[in-house]
Amino acid sequence: MAKASSKTDTVGKIAAIMRLLCSSNDTYSLREIEGFTGIPKSTLHRLLKSLEKEEWVYADPKTDQFRPGVGFFLLHNEKLFHQALIGAASEEMERLVAETQKTAILSVLEGRKGLCIYHVEPACPVKYVARRGMSIPLHVSATGKVLLAFSPKEVRERIISCDLPPEVDKDRLRQELEYIQRQGFAYSREEWLTHAGDISVPLFDRRGNFLAQLGLAGLVTSFDGQEETIIKKLKEAADRIKGKL
């Protein structure tokens with residue numbers, strides 16, 4: 001009975017921690033969580049470390065503040081998962097737009113297609129226009145191909161075998177996706193939209209799980225001579241976002 005009681009007590013403490021962290025958009029320090037939950041500091045520290053390992057809790061290394069992690073949102077629902085991704089990526093996307101004057105796009109795999117969940121556009125009059133909820137084909141454009149290339153193998157093969165237009169050369173697409181996996185990015189020029197180009201990279205969590213696509217899109221000619229710089233910026237941004245997930 002003592003062991004069962006101990007387990008129940010631990011579950012109750014974890015529930016109290018997660019209820020607090022999910023109660024608002026605020027972050028909390030160890031002392032604040034201790035004060036609100038009444039959990040002793042040594043026990044709280046141990047539980048938070050375990051929850052952080054499972055990605056239920058995220059500890060900001062700069063501030064030592066805690067908030068719910070992406071792993072918890074994945075268990076909860078899709079909408080909260082998207083919100084967690086956007087919260088982690090928005091600052092970096094704004095930085096990319098300011099530095100490149102291109103449209104930043106964040107998208108996820110949604111069934112048989114890609115789904116844009118967030119975008120940031122530059123202030124310039126001539127730009128690539130995206131919208132939240134935009135559907136993205138997976139066999140064309142850097143955005144779609146990154147989503148397909150880094151999706152689980154069984155998902156990728158099902159989509160390639162069953163869900164692509166009949167005119168798509170499946171063997172050639174498989175080879176291209178393997179190349180994208182090796183180099184860690186995709187670059188397309190007018191594959192999907194006339195006059196549009198885009199470069200995209202995969203976005204992973206700290207365990208190496210593929211979560212989303214991060215990319216920059218704009219007039220195809222605006223990428224000329226800037227490809228290496230843009231790829232470097234995107235990969236660095238993705239690494240910083242990874243640290244927040």
With a cut-off of 6.0 Å (strictly less than), are more than 12 heavy atoms of other residues, nucleotides or ligands near CZ of R158? yes
Quick one: closest heavy-atom pair of A212 and L106, and the distance? CB-CD1, 4.1 Å
Non-neighbouring partners of Q181 that pass side-chain hydrogen bond (donor to acceptor under 3.5 Å, both in side chains), sequence neighbours left out: none
According to a hydrophobic-cluster definition based on side-chain heavy atoms being under 4.5 Å apart (Ile, Leu, Val, Met, Phe, Trp, Tyr only), do I241 and F185 belong together? yes
Please confirm whether the backbone N or O of R46 pairs with a side-chain atom of S50, one donor and one acceptor, at under 3.5 Å? yes
Can you tell me if K170 has over 12 outside heavy atoms packed within less than 6.0 Å of its NZ? yes
Qualifying residues under side chain to side chain contact (heavy atoms under 4.5 Å, CB included), relative to A186, sequence neighbours excluded: A142, V146, I180
Quick one: does D198's side chain have a donor or acceptor within less than 3.5 Å of a partner on G215's backbone? no
Listed partners of N209 passing side-chain hydrogen bond (donor to acceptor under 3.5 Å, both in side chains), at least two apart: D205
Hydrophobic side-chain clustering at under 4.5 Å (ILVMFWY, transitive links): who's grouped with Y58? Put none if nobody. none
May I ask you to check whether over 12 heavy atoms, not counting those of E91, lie within 6.0 Å of atom CD? no
Please say whether the positively charged group of K145, taken as NZ for Lys or CZ for Arg, lies over the ring of Y179, i.e. under 6.0 angstrom from the six-membered ring centre and within 45 degrees of the axis. no
Side chain to side chain, L216 and K233, heavy atoms closer than 4.5 Å: no
Minimum heavy-atom distance F66-A59, with the two atoms named: CE2-CB, 3.6 Å
Please find the pair of heavy atoms, one from Q101 and one from A123, that lie closest to each other, and give the distance. OE1-N, 4.4 Å
Heavy-atom donor-acceptor pair, K244 side chain to A89 backbone, under 3.5 Å: no
If Ile, Leu, Val, Met, Phe, Trp and Tyr residues are connected whenever their side-chain heavy atoms lie under 4.5 Å apart, and connections chain through other members, are V220 and V140 in the same group? no
Please find the pair of heavy atoms, one from F223 and one from G218, that lie closest to each other, and give the distance. CE1-N, 3.6 Å
Can you find a heavy atom in the side chain of I160 that is under 4.5 Å from one in the side chain of L148? yes
Working to the nearest 0.5 angstrom, can you tell me the gap between Q226 CD and I231 CD1? 11.5 Å
Considering only NZ, NE, NH1 and NH2 on the basic side and carboxylate oxygens on the acidic side, decide whether E178 and R174 come within less than 4.0 Å. no
Between R67 (side chain) and T27 (backbone), is there a donor-acceptor pair under 3.5 Å? no
Could you give the distance from CD (E34) to NE2 (H45), rounded to the nearest 0.5 Å? 12.0 Å
Checking K102 against I199 for the side chain to side chain contact (heavy atoms under 4.5 Å, CB included) test, could you report, in this order, the C-alpha distance in whole Å, the side-chain angles of both residues, the deciding distance, and whether it holds? CA-CA 11 Å; K102 291 176 175 55; I199 297 177; over 6 Å; no
Not counting sequence neighbours, which residues clear ring-ring contact (aromatic ring centres under 6.0 Å, His included) with Y28? List them please. F36
Quick one: CD on E154 to CD1 on I159, what's the gap to the nearest 0.5 Å? 10.5 Å
For G114 versus L147, what's the shortest heavy-atom pair and its separation? CA-CD1, 3.6 Å
Return yes if some donor-acceptor pair links the side-chain N/O of Q213 with the main-chain N/O of S107 below 3.5 Å, else return no. yes
Does V120 reach the side chain of L96, with side-chain heavy atoms less than 4.5 Å apart? no
Please tell me if the side chains of L44 and I17 come closer than 4.5 Å, counting only heavy atoms from C-beta onward. yes
Quick one: do V201 and L214 satisfy side chain to side chain contact (heavy atoms under 4.5 Å, CB included)? Show the steps, please. CA-CA 5 Å; V201 299; L214 175 69; 4.2 Å; yes
Between K235 and D239, is there a side-chain N and carboxylate O pair less than 4.0 Å apart? no
H195 side chain near T221 side chain, heavy-atom distance below 4.5 Å: no
Quick one: closest heavy-atom pair of S151 and R156, and the distance? O-NH1, 2.7 Å
Quick one: side-chain hydrogen bond (donor to acceptor under 3.5 Å, both in side chains) partners of Y187, sequence neighbours excluded? R189, E227
Ion pair R95/E92, N-O distance below 4.0 Å: yes
Residue pair T37 / K13, side-chain heavy-atom distance below 4.5 Å: no
Step by step, work out the side chain to side chain contact (heavy atoms under 4.5 Å, CB included) result for E110 and I117. CA-CA 10 Å; E110 184 84 357; I117 62 170; over 6 Å; no
Derivation and outcome, side chain to side chain contact (heavy atoms under 4.5 Å, CB included), residues L109 and L138: CA-CA 9 Å; L109 186 65; L138 298 175; 3.6 Å; yes
Do L177 and L203 belong together in a cluster built from hydrophobic side chains that touch within less than 4.5 Å? no
Evaluate the side-chain proximity of T10 to I14: yes if any heavy-atom separation is below 4.5 Å, no if none is. yes
Considering only heavy atoms from C-beta outward, does the side chain of D64 approach that of L30 to under 4.5 Å? no
In terms of heavy-atom contacts, does CZ of R31 have more than 12 from other residues, nucleotides or ligands at under 6.0 Å? no
